[in-house]
Amino acid sequence: MEKNQDPAVKNEPVSFIEQFIIDDIKEGKNNGRIHTRFPPEPNGYLHIGHAKAICLDFGMAKKYGGKCNLRFDDTNPVKEEVEYIDSIKEDIHWLGFDWEDREYYASDYFGKLFEFAVDLIKRGLAYVDDQPADVISAQKGTPSQPGTVSPFRNRPVAGNLDLFYRMNEGEFGEGSRVLRAKIDMASPNMQMRDPIIYRIIKSFHHRTGDAWKVYPMYDFAHGQSDYFEGITHSLCTLEFEVHRPLYDWLVDQLRTSDYRPRQIEFNRLNLTYTMMSKRKLLELVQEGKVSGWDDPRMPTLCGLRRRGYTPESIRKFVDLIGYTKVEAINDISLLEHAVREDLNIKAPRVFGVLAPLKVIITNYPADKVEEMEILNNPEDESMGKRKVPFSNELFIERDDFMENPPHKYFRLAPGAEVRLKGAYIIKCESFKKDEKTGQIEEVYCTYDSSTRSGEGSEKKVKGTLHWVSARHAVEAEVRLYDRLFDHEDPSGQKDDDYRKFLNPDSLKVLPGCKLEPSLAPAKPLEKFQFQRLGYFCVDYDSTPDHLVFNRTVSLKDTWAKIKK
RNA sequence: UGACCCAUGGUGUAAUUGGCAACACGUCGGAUUUUGGUUCCGCAGAGUCCUGGUUCGAGCCCAGGUGGGUCAGCCA
């Protein structure tokens, strides 16, 4: 192996998993071949936790010249649906990974798996148990007490064989019999106490239809599927750690050479203020707590995509948090940092006023319109300029005017001057207020014609505001999102249901927002920085007649901190 | 009265494999800025869960504790 391919030589820290891979290559295991797999069960949408696994599985393969298969773990026909398969593939591609032609299904191996089970029976390593679930469960013992042996454990091979075939022919009802591996009922590891490897299920399978009446359990499918596909590194999450001896035991019964897949476990992704349980996310959808799997508040990949997250930002985040064996809870603010960093480079800046307040420039001709040329992105001048119309009636943000401003308020106030970004410096001369409600209705200003942007005016003011010409503005609905839960760990509270922590203010819909006219043709998923406010993305609900934007994330707001 | 896994600033990770505990985010200052954004500079913040041991030297090795997690689905 060439030294310069070894990241350790370059002193880049690598995860313990990557170190295993490097060591395995050095030792020439499996002829130095690297082959991983991403094995989702098609029973729900992918979430950001899956992104962590995807980045590892595909990432390691790519980095070390190997391959990564996509394999649907479809061993349980009662839980799985075709609906999910397409979304899973779409999400993986969106994230930036590709399995080429290697799209597999555990159900592809039902035949081989059945043969293997038959083989185990013949070797006296598996038996049919006629007892009901509760009896088998009771005989398993407890973690601190050994199990007891099933009365069917020593049934002769011929009887087991006959029954197993008849189980698959549909002769027996669901739950009436199972096939068990004969390992060790006294093992300190519960997984090894004669685990069930086949059960009778009479549901329609999305790929194999009615062909099978018995289906392999996860433990009897996963390692073998890895083996059939030539997987070298089977990376999964920590809860499968205690399954590893069983994984190895089964592979040992199967293998005929030095090749063997190796299971390595890493920590799951946990994020503050949300949860990853597929079951609970499904409940949120079914109970209408969110609008769907792709609700922009969901931690699903389709939700994050709709929210305006980029694949690059998610990959960056995953890279930042690393892979260890510690059960960590990652701060959502790190994810937000990752999108801001990415969007700062990519998103064109525009003006959008969310809570409009009318400003009238009293010394600007009512019939005059100037096209102000404004840089699309100061971070990247190659993104060019755009023209924004300026006139005597404008909208500014309500927050940008105060009748009685506090100390250090740099925005508009009676007698104060501010710059309108890309246009002129204006001075507030007076304002109109509804005496009943106290609401400011209009602000009257004068502009200084010598301060037009780009014309070299020396005049400096502290504050710069975004604005939109009233006459030219396009209307939009803007949806502001906050965390879905107001508890850091909503699903980790023993005494409280996670629903109790649903944040009632997680969605705020603002109708009647005023945007600069260049935004009129914006299409779903297009991303912008609304200057001074945050990053926004066009929603799928948006039409030319009714623009809808989602706020991905706000800009950092030091003024908000000063106010506190 | 089991087996297995884990423990480093607020959070997430690192520590050239036994040699001055570092990085990112966050926080707090300051500079720059026609975004209170960005960028840049800087401060503070852990002595590595505890007790022993080995060693010239331990975050790292050993022993024993403590705390947390996983496992008793015919789910994955």
Side-chain angles (χ1 to χ4, degrees), chain A residues 8-9 11 13-15 19 39-41 43 73 75-76 78-80 129 132-133 136-147 174-180 187-193 196-201 214-215 217-219 221-222 236-245 265 267 272 278-279 320-331 333-338 340-341 344-345 349 351 374-375 378-379 408-411 418-423 425 451 453-454 457 460-466 529-534 554-563:
Chain A
V9 172
N11 260 337
V14 298
S15 70
Q19 191 58 55
E41 184 187 12
N43 69 343
D73 225 330
T75 55
N76 186 350
V78 313
K79 287 175 63 187
E80 293 142 9
D129 197 326
I136 291 178
S137 174
Q139 285 170 349
K140 268 213 167 143
T142 68
S144 54
Q145 292 169 305
E174 290 188 5
S176 63
R177 282 182 171 80
V178 290
L179 185 70
R180 297 229 252 166
S187 170
N189 181 341
M190 298 292 289
Q191 309 302 320
M192 300 299 269
R193 318 243 264 230
I196 291 167
I197 58 179
Y198 261 98
R199 72 300 208 186
I200 299 170
I201 298 177
V214 292
Y215 289 88
M217 296 284 288
Y218 164 84
D219 284 304
H222 203 98
C236 63
T237 45
L238 249 23
E239 66 270 26
F240 291 104
E241 213 154 20
V242 288
H243 292 243
R244 198 189 330 139
E265 311 85 12
N267 60 347
T272 53
K278 267 195 215 175
R279 196 198 87 227
L320 249 19
I321 62 177
Y323 299 88
T324 69
K325 301 186 77 161
V326 184
E327 298 198 39
I329 300 183
N330 295 275
D331 200 320
S333 64
L334 189 60
L335 212 211
E336 293 174 342
H337 167 258
R340 285 197 190 101
E341 189 177 61
N344 180 44
I345 313 278
R349 301 298 98 156
F351 293 158
I374 302 179
L375 220 44
E379 303 297 314
K408 282 199 163 178
Y409 185 80
F410 302 146
R411 286 114 97 144
V418 296
R419 172 168 289 282
L420 294 176
K421 172 103 184 157
I425 290 176
T451 59
S453 282
S457 167
K460 296 283 182 213
V461 288
K462 271 284 204 181
T464 301
L465 308 186
H466 61 282
Q529 185 196 97
F530 285 12
Q531 205 128 86
R532 301 210 302 138
L533 297 177
S554 65
L555 251 30
K556 277 201 219 161
D557 190 351
T558 41
W559 170 240
K561 284 179 197 161
I562 294 168
K563 277 195 293 188

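Letters A, B, ... mirror the listed sequences (proteins, then strands); counts begin at 1. This is a predicted model, so every value here is computed, not measured. These numbers come from the heavy atoms of this one structure, side chains and all, not from hydrogens, waters or symmetry mates.
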Distance check: side-chain N/O of A/R199 vs OP1/OP2 of B/rG73, anything under 4.0 Å? no
Which label fits B/rG69, syn or anti, where anti is any glycosidic angle not within 90° of 0? anti
I'd like to know if A/E327 reaches the base of B/rU70 with its side chain, counting only an N/O donor and acceptor under 3.5 Å. no
Below 4.0 angstrom from OP1 or OP2 of B/rG37, is there any side-chain N or O of A/T558? yes
For a quick check, tell me whether the side chain of A/T464 and the base of B/rU35 share a donor-acceptor pair closer than 3.5 Å. no
Quick one: do the A/N189 and A/S187 side chains pair a donor with an acceptor below 3.5 Å? no
Does a nitrogen or oxygen in the side chain of A/T75 sit under 4.0 Å from OP1 or OP2 of B/rA76? yes
Do the side-chain N and O atoms of A/R532 and A/T464 include a donor-acceptor pair separated by under 3.5 angstrom? no
Decide yes or no, distance alone: a donor-acceptor N/O pair under 3.5 angstrom between the base of B/rG37 and the side-chain of A/E379. yes
OP1, OP2 of B/rC4 versus side-chain N and O of A/K325: anything below 4.0 Å? no
Can you find a donor-acceptor pair, distance only, under 3.5 Å between A/R340 side chain and B/rG37 base? no
Backbone of A/G141 reached by a side-chain donor or acceptor of A/Q145 within 3.5 Å: no
Expected output: side-chain A/R340 to main-chain A/S554 donor-acceptor under 3.5 Å: yes
Quick one: the side chain of A/R419 and the base of B/rU34, do they pair up donor-acceptor inside 3.5 Å? yes
